Amino acid sequence: MHGEELRYITEAYESNWMSTVGENINEVERMTCEKVGCKYAVALSAGTAALHLSVKLAGVKPGDKVFCSDMTFGATVNPVVYEGGEPVFIDTERDTWNMDPVALEKAFELYPEVKVVVLVHLYGTPAKVDQIRAICDKHGAVLIEDAAESLGATYKGHQTGTFGSYRAISFNGNKIITGSSGGMLLTDDVHAANKARKWSTQSRENAPWYQHEELGYNYRMSNVIAGVVRGQYPHLEEHIAQKKAIYMRYKEGFKDLPVTMNPYDEANSEPNFWLSCLLINQEAMCRQVRGEQEALYISEPGKSCPTEILEKLAQYNAEGRPIWKPMHMQPIYRMHAFVTREGNGRASTNAYIAGGGVDVGMDIFERGLCLPSDNKMTEEEQNRVIEIVKSCFC
Ligand SMILES: *Cc1c(COP(=O)(O)O)cnc(C)c1O
């Protein structure tokens with residue numbers, strides 16, 4: 001928080017515009033269009049709400065299969081199920097840890113009837129979105145972009161959140177800028193924007209009484225929340241610079257360890273560096289076994305594993321996290337199809353193939369972890385984190 005947030009919340013309070021109408025909402029919609037470069041922004045209660053309305057706008061009907069990023073937060077894919085759709089998970093590529101265009105092309109061979117694709121830019125790193133979009137165009141599919149983690153990141157000079165027909169951003173408490181909660185649906189289609197605005201405010205028709213022709217939702221952003229977002233926006237670039245400095249210090253600090261940082265396309269993209277992650281080289285992995293709820297490992301000299309590093313960090317009160325566990329390995333989605341670049345559309349029960357193999361997402365989950373990445377973290381604190389990680393490989 002920087003101070004301006006309080007000013008805009010106070011304005012909402014003093015003018016009594018404490019609900020889902022007001023100057024802060026209008027302003028954050030305007031600021032978002034200006035920053036991202038989209039025509040319309042609809043302020044909502046959450047990024048998940050934006051994804052839900054995107055799925056509705058894309059026309060997903062009960063029983064429709066939808067291609068989805070696999071290694072992501074559940075909120076990317078759950079909205080497909082809210083509409084009765086059936087997510088089909090597309091494996092991850094190693095260059096950006098996002099949806100693999102090769103696997104997506106294979107998926108269209110297996111399921112040519114699919115008309116909607118949901119793509120995430122994970123950890124603030126842009127996906128290979130021009131390739132993904134070209135494949136969608138070729139097959140007449142609508143692209144939904146989940147830019148919840150990537151606000152401010154660019155791909156070939158364009159902001160993430162400008163590539164899909166419908167795009168979601170988030171102002172949840174953990175994102176690059178926050179409203180404490182909140183999200184937005186972005187589009188260049190005026191009819192879609194009007195629909196989303198109407199659906200999000202209980203689908204009232206233009207009548208003197210409450211007249212309803214369509215199903216409605218209570219998804220509009222509050223003017224108080226919008227005040228927080230409004231105060232944060234001027235600090236977006238500063239947050240990105242802080243996050244990038246954190247990423248670069250880790251990269252430098254780990255250069256002699258058998259690890260790599262979460263990768264990005266340095267020629268074509270500029271991430272927002274929302275989270276710094278590391279990946280342990282295969283040969284430097286000690287033995288680690290993960291069940292559904294707990295993990296075990298055997299410590300070995302010169303080797304480590306995510307479980308050991310996360311436990312060690314926790315001992316020092318520093319919080320790391322595992323990588324997002326792939327959706328195809330989640331019990332709730334276990335029987336859904338999962339497509340790898342080899343093109344097998346299997347339901348996966350034991351998809352991890354040791355040593356890399358074909359299941360890229362599961363391999364990154366096994367060997368990767370999210371490092372403490374808060375922008376308030378001091379250089380001294382970060383240096384301690386680096387020393388703790390180094391000690392795990394002794
Ligand atoms: C945070 C997040 C969401 C959901 O946003 P909320 O505002 O928390 O509903 C969706 N997708 C991804 C990848 C996220 O990180």
Side-chain angles (χ1 to χ4, degrees), residues 25 28-29 32 36 41-56 58 66-83 87 89-90 92 96-99 117-127 129 132 143-153 160-161 163-164 166-186 196 200 217-222 224-226 228-229 232 239-240 243 262 264 271-277 321-327 330 332-333 361 364-365 368 370 373-374:
I25 298 176
V28 292
E29 287 184 344
T32 300
V36 177
V42 182
L44 300 173
S45 55
T48 309
L51 286 159
H52 184 193
L53 298 188
S54 296
V55 167
K56 276 179 74 84
V66 174
F67 295 148
C68 298
S69 289
D70 176 57
M71 197 175 81
T72 185
F73 182 39
T76 306
V77 303
N78 290 338
V80 169
V81 182
Y82 300 167
E83 289 303 306
F89 300 112
I90 310 299
T92 307
T96 76
W97 292 9
N98 285 303
M99 185 188 283
V117 174
V118 185
L119 171 75
V120 70
H121 303 287
L122 203 72
Y123 299 133
T125 300
V129 63
I132 301 277
L143 178 63
I144 296 173
E145 212 184 333
D146 179 356
E149 299 179 356
S150 68
L151 182 62
T160 59
F163 293 92
Y166 316 110
R167 321 118 194 186
I169 58 174
S170 168
F171 302 110
N172 189 6
N174 60 1
K175 300 301 198 277
I176 191 87
I177 58 169
T178 182
S180 75
S181 64
M184 271 189 203
L185 184 146
L186 315 181
S200 73
Y217 301 86
N218 181 10
Y219 276 177
R220 193 70 166 139
M221 184 183 278
S222 139
V224 181
I225 298 293
V228 185
V229 178
Q232 287 259 294
H239 288 192
I240 294 173
K243 294 277 192 178
N262 48 325
Y264 62 100
N272 70 5
F273 299 94
W274 178 59
L275 273 193
S276 288
C277 306
R321 295 270 180 96
I323 299 294
W324 296 126
K325 183 174 177 177
M327 288 298 121
Q330 299 289 354
I332 183 176
Y333 291 126
I364 294 171
F365 175 67
C370 304
S373 306
D374 191 274

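Keep in mind it's a predicted model, so treat the numbers as computed, not measured. Counting starts at 1 for both ligands and their atoms, following the listed order.
- Side-chain atoms of Y166 and L53, non-hydrogen and from C-beta on, never get closer than 4.5 Å to each other.
- A salt bridge does not link K243 with E149: none of the charged nitrogens is closer than 4.0 Å to a carboxylate oxygen.
- Near T76, the atoms of ligand 1 lying under 4.0 angstrom from a non-hydrogen atom of the residue are 11 (N), 13 (C).
- The residue among M184, E149, K175 with a heavy atom at the shortest distance from atom 2 (C) of ligand 1 is K175.
- Taking atom 9 (O) of ligand 1 as the reference point, the nearest protein heavy-atom neighbour is T48 OG1, 2.5 Å.
- Expressed to the nearest 0.5 Å, how far CE of M71 lies from CH2 of W97 amounts to 6.0 Å.
- Residue G47 has at least one N or O atom closer than 3.5 Å to an N or O atom of ligand 1.
- Distances from atom 10 (C) of ligand 1 to the heavy atoms of V77, D146, L122 put D146 nearest.
- Set against the non-hydrogen atoms of G182, the atoms of ligand 1 under 4.0 Å away are 7 (O).
- E29 contributes a side-chain N or O that, together with a main-chain N or O of A43, makes up a donor-acceptor pair within less than 3.5 Å.
- Of all heavy-atom pairs spanning P126 and A153, the tightest one is CG-CB, 4.0 Å.
- Shortest non-hydrogen contact noted between N172 and S180 is OD1-O, 3.9 Å.
- For ligand 1, the atoms sitting less than 4.0 Å from at least one non-hydrogen atom of N172 are 7 (O), 8 (O), numbered in the order shown with element in parentheses.
- In this structure, the protein non-hydrogen atom closest to atom 5 (O) of ligand 1 is S170 OG, 3.3 Å.
- For the pair W324 and ligand 1, the shortest N or O to N or O distance does not fall below 3.5 Å.
- At a cut-off of 3.5 Å, with distance as the only test, a side-chain donor of N98 or T96 sits close to an acceptor on the other residue.
- The atoms of ligand 1 that sit less than 4.0 Å from any heavy atom of A75 are 3 (C), 4 (C), 10 (C).
- Heavy atoms only, all atoms of each residue included: L275 and N262 are closest at O-ND2, 3.2 Å.
- Only the side chain of A148 comes within 4.0 Å of ligand 1, counting heavy atoms alone; its backbone N, CA, C and O stay farther away.
- For ligand 1, the atoms sitting less than 4.0 Å from at least one non-hydrogen atom of V120 are 13 (C), numbered in the order shown with element in parentheses.
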